[in-house]
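Working notes for the structure below.
Numbers here simply count residues along the sequence, with the first being 1.
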Amino acid sequence: MAEIENRKSRRKRDKAPTLKEHAGTVIIPQISPEMLEQARRAAAAGKMPEQIEQEAMEAVRREEEAKEAAQAKQAAQAESGVRAAAQRRPRTGKKGMTRAEAQAELVQSVHDDHLWLNNPVMVRGLGLAPAVVAATSGQTALMLCAAAILLLTATRVLAVSVCHRTKNRFRGVIYAYSAAILYIPVYLILYRLFGADLSLLGIYLPLLVVEPAIIKRMEADELETVGEAFRRGINNTVGLCVSLMLVGVLRELLAQGTVFGNKVLSVAPLPLASQPAAGFLLVGLIAAVWTAIGNAYVHYKMEEVRHLYDEPKH
């Protein structure tokens, strides 16, 4: 008997609920009180249980969709806020620098490049008198270079050392006297090296004492260190010597067809190149080409920095 009762109970449990039983046991999970009130009204209106359940589930689905849309909107707002903050924050490059810092570093590198981008003769216009008048051949240009090597850096270092003692007062007098004092041993060294050929430079050799390429630093209010004076003096010397040798060799080639006295051309292309007027024109043409190439390079580097640090377009 017990086994029969168990079978009957199992059959009753496994049996599908009737419509009446279903109507009495409709359970919709996660329903708000408003949805229950809607279901009650639908039942009072005489709707079938299946319709009531379907409408309740549809309401649940709409509510879930509304929640998902609100969450998506909040996520989009948060993402836009993060993007806006990233755009307001200065972008950094490979070295961790901002755009302003990268541009300042580029400007400083251009200023320190005395060989090409900031050459004392071709860009800043210093040392034009010896370049235009005295540098008529490779030999005279070489003597001017030797004088600049011995005088420029030594004058700058000596003047800075004395200015540190005087607390940067009387700069003009100190630079002028430093160059004048150093000129005496420099002339003796040059005479031992080149002998009577120094007379080819004429007055332009002693005029190096007051040459702006050598004493122009006295105009700056900022007092550099001795190490900086030595480094910058060497850089200016190299740039000045490169320009003098270029002008001297080119003028000798055009005026005589030779380079350091060695025959290169059978006919001199421009005999007037040895004259000061032709020297002005030649130096001007070289400076124009020189600065054009340098400015194009600086513009390219500036554009490279700008593209590297530009904000992304959205």
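- Summarising the geometry of Ala273 relative to Ala278, their closest heavy-atom pair is CA-CB, 3.6 Å, with the distance given to 0.1 Å.
- Residue Val107 comes nearest to Met302 through the heavy atom pair CG2-CE, 3.7 Å, listed as atom of the first residue, atom of the second, then distance.
- A 4.5 Å side-chain heavy-atom check between Thr258 and Val264 finds every atom pair outside the cut-off.
- Within the model, atoms CG of Leu240 and CG of Asn235 stand 12.5 Å from one another, a figure rounded to the nearest 0.5 Å.
- Between Tyr187 and Tyr183, the ring-plane angle classifies as tilted under the 30° and 60° cut-offs.
- Linking Ile, Leu, Val, Met, Phe, Trp and Tyr whenever their side-chain heavy atoms come within less than 4.5 Å leaves Ile215 and Ile184 in two separate clusters.
- Environment of CD in Glu222: sparse, with no more than 12 heavy atoms of neighbouring residues, nucleotides or ligands closer than 6.0 Å.
- Between Glu304 and Lys301, at least one side-chain N (NZ, or NE/NH1/NH2) sits under 4.0 Å from a carboxylate O, which counts as a salt bridge.
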Only distances under 3.5 Å count here; give the side-chain donor-acceptor pairs of residues 128-152 to other protein atoms, sequence neighbours excluded, each with its distance to 0.1 Å.
unit_1: Ser137; atom_1: OG; unit_2: Thr140; atom_2: N; d: 3.4
unit_1: Ser137; atom_1: OG; unit_2: Thr140; atom_2: OG1; d: 3.2
unit_1: Thr140; atom_1: OG1; unit_2: Ala134; atom_2: O; d: 3.1
unit_1: Thr140; atom_1: OG1; unit_2: Thr136; atom_2: N; d: 3.2
unit_1: Thr140; atom_1: OG1; unit_2: Ser137; atom_2: N; d: 3.0
unit_1: Thr140; atom_1: OG1; unit_2: Ser137; atom_2: O; d: 3.0

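- In this model, no donor atom of one side chain and acceptor atom of the other lie less than 3.5 Å apart for Arg232 and His114.
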CA sep, side-chain torsions, deciding dist, call: Asn118, Asp112, side chain to side chain contact (heavy atoms under 4.5 Å, CB included): CA-CA 7 Å; Asn118 198 24; Asp112 294 338; over 6 Å; no
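- A donor-acceptor pair is defined here as one N or O able to donate and one able to accept, closer than 3.5 Å; such a pair exists between the side chain of Asn295 and the backbone of Thr291.
- Within the 4.5 Å cutoff, side-chain heavy atoms of Val242 are placed close to those of Leu115.
- Counting only distance, with no hydrogens or angles, the side chain of Gln256 and the backbone of Val267 share no donor-acceptor pair below 3.5 Å.
- Using a 4.5 Å cut-off on side-chain heavy atoms (C-beta onward), Glu303 and His299 make contact.
- Here the OG-OH distance, from Ser199 to Tyr191, works out to 9.0 Å after rounding to the nearest 0.5 Å.
- Atom CG of Leu208 and atom CG of Leu201 lie 8.0 Å apart (nearest 0.5 Å).
- Residue Ile214 is grouped with residue Leu158 when hydrophobic side chains (ILVMFWY) are merged at heavy-atom distances under 4.5 angstrom, including chains of intermediate members.
- The shortest side-chain heavy-atom distance between Asn119 and Arg124 does not fall under the 4.5 Å cut-off.
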CA sep, side-chain torsions, deciding dist, call: Ile189, Arg192, side chain to side chain contact (heavy atoms under 4.5 Å, CB included): CA-CA 5 Å; Ile189 295 173; Arg192 179 172 288 274; 5.9 Å; no
Intermediate values then yes/no, side chain to side chain contact (heavy atoms under 4.5 Å, CB included), Arg156 and Asn236: CA-CA 11 Å; Arg156 191 161 184 164; Asn236 276 286; 3.3 Å; yes
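- Both Val210 and Tyr204 sit in one connected hydrophobic cluster of ILVMFWY residues. Membership requires side-chain heavy atoms under 4.5 Å apart, directly or through other members.
- Note on Glu211 versus Lys216: no salt bridge recorded, every NZ/NE/NH1/NH2 to OD/OE distance being 4.0 Å or above.
- In this structure, Pro269 and Leu265 approach most closely via the heavy-atom pair CG-CD1, 3.6 Å.
- Test Leu281, Val121, Val247 against Ile286 for side chain to side chain contact (heavy atoms under 4.5 Å, CB included) and you get one pass: Val247.
- The main-chain N or O of Gln275 is found under 3.5 Å from a side-chain atom of Arg251 such that the two form a donor-acceptor pair.
- Residues passing the side-chain contact (heavy atoms from CB on, under 4.5 Å) test with Asn168 are Cys163, Arg171, Leu223, sequence neighbours excluded.
- Taking CG of Leu106 as the reference point, atom OG of Ser109 lies at 4.5 Å (rounded to 0.5 Å).
- Proximity of a side-chain donor or acceptor of Glu101 to a complementary backbone N or O of Thr98 within less than 3.5 Å is detected.
- Between the Thr153 side chain and the Gly233 main chain, a donor and an acceptor come within less than 3.5 Å of each other.
- Cluster membership for Leu272 and Leu250, using ILVMFWY side-chain heavy atoms within less than 4.5 angstrom, is not shared.
- Here the straight-line distance linking atom CD1 of Ile174 with atom OG1 of Thr155 works out to 13.0 Å at 0.5 Å rounding.
- The two residues Val123 and Trp116 have their closest heavy-atom pair at CG2-O, 3.7 Å.
- Hydrophobic clustering of Ile, Leu, Val, Met, Phe, Trp and Tyr side chains at less than 4.5 Å, counting indirect connections, keeps Ile181 apart from Val226.
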Stepwise side chain to side chain contact (heavy atoms under 4.5 Å, CB included) check, Phe260 with Val249: CA-CA 8 Å; Phe260 287 100; Val249 171; 4.0 Å; yes
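- Around CG of Leu188, the count of heavy atoms belonging to other residues, nucleotides or ligands within 6.0 Å exceeds 12.
- Residues Leu205 and Leu190 meet the side-chain proximity criterion, which asks for heavy atoms closer than 4.5 Å.
- When all heavy atoms are compared, the tightest approach of Ala255 to Ala268 is O-CB, 3.2 Å.
- Summarising the local packing, OH of Tyr177 is surrounded by 12 or fewer heavy atoms from other residues, nucleotides or ligands at distances under 6.0 Å.
- Annotation: Lys263, atom NZ; neighbour count of heavy atoms from other residues, nucleotides and ligands within 6.0 Å is above 12.
- Nearest heavy atom pair, residue Met122 against residue Val283, reads SD-O, 4.3 Å.
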